[in-house]
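Here is the structure we will look at.
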Amino acid sequence: MIIIETRGKRVSIRKANTDDLREAAYMLLMLVPLGKTTTYKYLAEVLGVHPRVIARFMALNDNPIVVPCHRVIMSDGRLGGYSLGGPEFKEKLLRLEGVKIVRGRIPREQIIDFEDLLK
DNA sequence: ATTTGCTCAGCTC
DNA sequence: GAGCTGAGCAAAT
């Protein structure tokens, strides 16, 4: 995979096949610490794909044990979907990890920013 | 807070 | 290759 970065805005020239992108997505996700979350949008921005593609990748996650796809939420703080047990289960998992959910939303502080993470 | 329209890669056939 | 779909987004209401 080749990623060219121009003035802060990322432009990716994707010679990568989808499997490569998938793996990249999973690896980034594994950088998200316990008790924090990230969003489909962030991941999409970093990888230079459409957010829905990230969602698709998560849905196809074949190894939920090592890939914490429940930590990926929507950009507005709402939970988004979860194919293994539904959104209720996703919420349960997050609560279990110490993520606080306020009125159906996850507060900003608990959503990591890849800009910072990758420094 | 809710509705509306846009999106685009993956999927299916 | 054409058409459909969606674990989303953003603007307008």
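Within every chain, numbering begins at 1; the chains are lettered A, B, ... in the order of the sequence lines, protein sequences first and strands thereafter.
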[X] [atom1] - [N] [atom2] separation (whole Å):
X: A:Leu47; N: B:dG10; atom1: CG; atom2: P; value: 12 Å
X: A:Ile111; N: C:dC9; atom1: CD1; atom2: P; value: 10 Å
X: A:Glu45; N: C:dG8; atom1: CD; atom2: C1'; value: 12 Å
X: A:Arg78; N: B:dT2; atom1: CZ; atom2: C1'; value: 10 Å
X: A:Tyr82; N: C:dA7; atom1: OH; atom2: P; value: 14 Å
X: A:Lys41; N: B:dC6; atom1: NZ; atom2: P; value: 19 Å
X: A:Asp76; N: C:dA10; atom1: CG; atom2: P; value: 9 Å
X: A:Glu91; N: C:dA7; atom1: CD; atom2: P; value: 19 Å

For residues A:Lys36 and A:Ile111, determine if any side-chain heavy atom of one lies less than 4.5 Å from a side-chain heavy atom of the other.
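Of all side-chain heavy-atom pairs linking A:Ile111 with A:Lys36, none is under 4.5 Å.
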
Do A:Val72 and A:Thr37 come within less than 4.5 Å of each other through their side chains, counting heavy atoms only?
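Contact flag for A:Val72/A:Thr37 side chains = no.
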
When you look at CZ of A:Arg105, are more than 12 heavy atoms from neighbouring residues, nucleotides or ligands closer to it than 6.0 Å?
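Buried by this count: over 12 neighbours within 6.0 Å.
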
Return whichever of A:Arg56 or A:Arg52 has its heavy-atom-nearest nucleotide of DNA chain B closer to the 5' end.
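That would be A:Arg52.
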
Let me spell it out: for each of A:His50 and A:Arg103, pick the nucleotide of DNA chain B with the closest heavy atom. Which residue's pick is nearer the 5' end?
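Nearest nucleotide further toward 5': that of A:Arg103.
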
Quick check for you: among C:dG8, C:dA7, C:dA10, whose closest atom lies nearest to any side-chain atom of A:Lys90?
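Nucleotide nearest to A:Lys90's side chain: C:dA7.
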
Among C:dA10, B:dA9, C:dA7, which nucleotide has an atom closest to any side-chain atom of A:Val53?
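For A:Val53, the side-chain atoms sit closest to B:dA9.
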
Do A:Glu97 and A:His70 get their side chains close enough for a donor-acceptor pair, meaning under 3.5 Å?
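A donor-acceptor contact under 3.5 Å links the two side chains.
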
Under 3.5 Å, is there a donor-acceptor pair between the side chain of A:Arg71 and the main chain of A:Thr38?
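No; judged by distance alone, with no hydrogens or angles, the pair does not exist.
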
Mind checking if [X] touches a base, just sugar-phosphate, or nothing, with heavy atoms under 4.0 Å?
X: A:Leu79; value: nothing
X: A:Met74; value: sugar-phosphate
X: A:Leu43; value: nothing

Any A:Ser75 side-chain nitrogen or oxygen under 4.0 Å from OP1 or OP2 of C:dC9
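Answer is yes, contact under 4.0 Å.
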
For C:dA10, give its Watson-Crick or G-U wobble partner with both distances under 3.5 Å, or none.
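By the stated definition (distances under 3.5 Å), B:dT4 pairs with C:dA10.
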
